[in-house]
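Worksheet for the structure shown next.
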Amino acid sequence: MKHVVIYTDGACKGNPGPGGWGAFLTFEGHEKVLYGGELLTTNNKMELMAVIKALESLKENCKISLYLDSQYVRQGITEWIHGWKLKGWKTASKQAVKNAELWKELDALVHGSGHDITWHWVKGHSGDPGNERADELANQGVLMALQEAS
C-alpha cells in the first residue's frame with residue numbers, strides 16, 4: 001500500500017459565516033493541494049469537509065497518516081461515531097447529531113474503504129509546517145467563496 005501523509009484544516013470567518021477547507025497531501029515527494037469553501041457555514045463543517053475531500057481524492061486504498069487540529073473530527077470518527085450509529089444518529093443526550101450527513105459521508109470513506117488510517121492530532125497554529133499549509137489552504141477556500149459570491 002502506498003503511504004500518504006495528509007494534513008487537513010477548516011476555517012470560518014464568523015461561526016457561522018464564510019468558511020473554507022484545505023488539505024495538503026504528500027506521497028514520495030509528490031504534493032497535492034485541495035481547497036474549497038462556502039459562503040455560510042461553520043468551522044466544524046469545514047473541518048469535516050477537509051477530511052472528506054482529501055479522502056475522496058485518493059484513487060486507490062492507501063496507508064494514511066492523517067494530521068488535523070480538530071479534536072471534534074478526530075474524536076468523532078474514532079470514538080463517538082460508533083455510539084451515534086447505535087442510537088440512530090442521536091447523541092448521549094438524545095439530540096440529533098449535528099452535521100450528521102457529513103459524518104455519514106466520512107464514515108463511509110473511513111470504514112467503507114480499504115484505507116488504513118492513523119489519526120494524529122496536532123495543535124493548531126503552533127508552527128507545524130503541514131498544519132500551517134493546510135490552514136493557508138483553508139483560508140484560500142474562504143477567499144474563493146467570497147470572490148464567487150461577489
Side-chain angles (χ1 to χ4, degrees), residues 1-85 89 91-92 95 97-147:
M1 262 190 191
K2 293 180 178 176
H3 181 224
V4 178
V5 176
I6 301 174
Y7 283 86
T8 64
D9 200 14
C12 209
K13 308 304 178 190
N15 202 17
W21 57 266
F24 174 57
L25 298 80
T26 61
F27 166 71
E28 293 183 354
H30 301 281
E31 295 182 355
K32 182 180 207 174
V33 297
L34 305 166
Y35 62 91
E38 297 177 21
L39 211 47
L40 185 60
T41 189
T42 65
N43 189 63
N44 284 341
K45 284 183 182 177
M46 294 295 93
E47 295 282 0
L48 283 161
M49 284 298 295
V51 178
I52 289 167
K53 293 299 186 181
L55 294 176
E56 283 179 346
S57 76
L58 300 173
K59 296 184 178 18
E60 61 188 80
N61 294 337
C62 300
K63 179 176 173 45
I64 302 167
S65 296
L66 202 151
Y67 295 84
L68 65 170
D69 62 12
S70 171
Q71 288 285 24
Y72 170 71
V73 174
R74 190 188 64 78
Q75 286 184 290
I77 198 64
T78 62
E79 299 171 29
W80 306 332
I81 199 160
H82 310 294
W84 293 340
K85 286 165 48 172
W89 293 96
T91 65
Q95 301 299 308
V97 171
K98 289 183 182 173
N99 306 312
E101 290 309 310
L102 292 175
W103 281 114
K104 289 174 185 176
E105 201 173 332
L106 182 58
D107 182 45
L109 287 166
V110 170
H111 299 113
S113 72
H115 296 309
D116 176 12
I117 305 172
T118 304
W119 300 86
H120 303 274
W121 180 79
V122 294
K123 184 172 173 40
H125 310 287
S126 63
D128 181 291
N131 179 257
E132 296 296 331
R133 183 79 185 274
D135 181 66
E136 289 169 10
L137 292 167
N139 282 298
Q140 270 187 263
V142 175
L143 292 175
M144 185 181 81
L146 290 169
Q147 287 170 349

Open item on the list: Within the structure provided, determine whether Ile77 and Trp103 are in side-chain contact (heavy-atom separation under 4.5 Å).
Closed with: yes
Task: Passing option when Leu102 is tested against Val73, Asp107, Leu48 for side-chain contact (heavy atoms from CB on, under 4.5 Å) - done: Leu48
Open item on the list: Return the CH2 to OG distance between Trp119 and Ser65, rounded to the nearest 0.5 Å.
Closed with: 11.5 Å
Open item on the list: With heavy-atom distances below 4.5 Å as the criterion, would you say the side chains of Asp116 and Ile64 are in contact?
Closed with: no
Task: Pairwise distance CD1(Ile6) to NZ(Lys53) - rounded to 0.5 angstrom - done: 14.0 Å
Task: Pairwise side-chain contact, Arg133 with Val33, heavy-atom cut-off 4.5 Å (strictly under) - done: yes
Task: Inter-residue atom distance Ile117.CD1 - Thr78.OG1, 0.5 Å rounding - done: 11.0 Å
TODO: Compare all side-chain heavy atoms of Met46 with those of Glu38 and state whether any distance is below 4.5 angstrom.
DONE: yes
Task: Heavy-atom closest contact (His3 atom, Phe27 atom, distance) - done: O-CD1, 3.3 Å
- [ ] Indicate the atoms forming the closest heavy-atom contact of Tyr35 with Leu137, along with that distance.
- [x] CB-O, 3.3 Å
- [ ] Let me see the working for Lys123 and Asp128 under side chain to side chain contact (heavy atoms under 4.5 Å, CB included), right down to the final yes or no.
- [x] CA-CA 8 Å; Lys123 184 172 173 40; Asp128 181 291; over 6 Å; no
TODO: State, with a plain yes or no, whether a side-chain heavy atom of Leu66 is found less than 4.5 Å away from one of Arg74.
DONE: no
Open item on the list: Whether the side chain of Glu132 engages the backbone of Gly127 through a donor-acceptor N/O pair (distance < 3.5 Å, no angle test) should be reported.
Closed with: yes
Open item on the list: Just so I know, are the side chains of Leu55 and Ser113 near enough to count as touching, which here means a heavy-atom distance under 4.5 Å?
Closed with: no
Task: Asn99 side, atom CG; Glu105 side, atom CD - distance, nearest 0.5 Å - done: 11.5 Å
Task: Minimal non-hydrogen separation, Thr8 against Ala54, with atom names - done: CG2-CB, 4.2 Å
Task: Glu28, CD: over 12 other non-hydrogen atoms inside 6.0 angstrom - done: no
Open item on the list: Within the 3.5 Å criterion, strictly below it, is a donor on Asn139 or Lys13 matched to an acceptor on the partner's side chain?
Closed with: yes
TODO: Report the residues that fulfil ring-ring contact (aromatic ring centres under 6.0 Å, His included) with Tyr7, sequence neighbours left out, ordered by chain and then residue number.
DONE: Tyr67
- [ ] Enter the distance from Leu34:CG to Gln140:CD here, rounded to the nearest 0.5 Å.
- [x] 11.5 Å
Open item on the list: If you apply the rule side chain to side chain contact (heavy atoms under 4.5 Å, CB included), what do you find for Thr91 with Lys98, and how did you get there?
Closed with: CA-CA 9 Å; Thr91 65; Lys98 289 183 182 173; over 6 Å; no
Open item on the list: side chain to side chain contact (heavy atoms under 4.5 Å, CB included), that's the test. Do Lys63 and Val4 meet it? Break it down for me.
Closed with: CA-CA 6 Å; Lys63 179 176 173 45; Val4 178; over 6 Å; no
- [ ] Kindly give the heavy-atom pair with the smallest separation between Gly22 and Ala50, and that separation in Å.
- [x] O-CB, 3.5 Å
Open item on the list: Quick check: do Glu47 and Asp9 have side-chain heavy atoms less than 4.5 Å from each other?
Closed with: yes
Open item on the list: On a heavy-atom basis, which atom in Pro16 and which in Leu40 lie closest, and how many Å separate them?
Closed with: CB-CD1, 4.0 Å
Open item on the list: Could you measure the distance from the NE2 atom of His111 to the CD1 atom of Ile81? Nearest 0.5 Å is fine.
Closed with: 6.5 Å
- [ ] Could you check whether the rings of Trp84 and Trp80 sit parallel, tilted or perpendicular, using 30° and 60° as the cut-offs?
- [x] tilted
Task: Heavy-atom closest contact (Cys62 atom, His115 atom, distance) - done: N-ND1, 3.0 Å
Open item on the list: Side chains of Lys2 and Lys59, heavy atoms from C-beta outward: is any pair under 4.5 Å?
Closed with: no
Open item on the list: Using side chain to side chain contact (heavy atoms under 4.5 Å, CB included), reason through Val51 and Trp21 one step at a time and then give a plain yes or no.
Closed with: CA-CA 9 Å; Val51 178; Trp21 57 266; over 6 Å; no
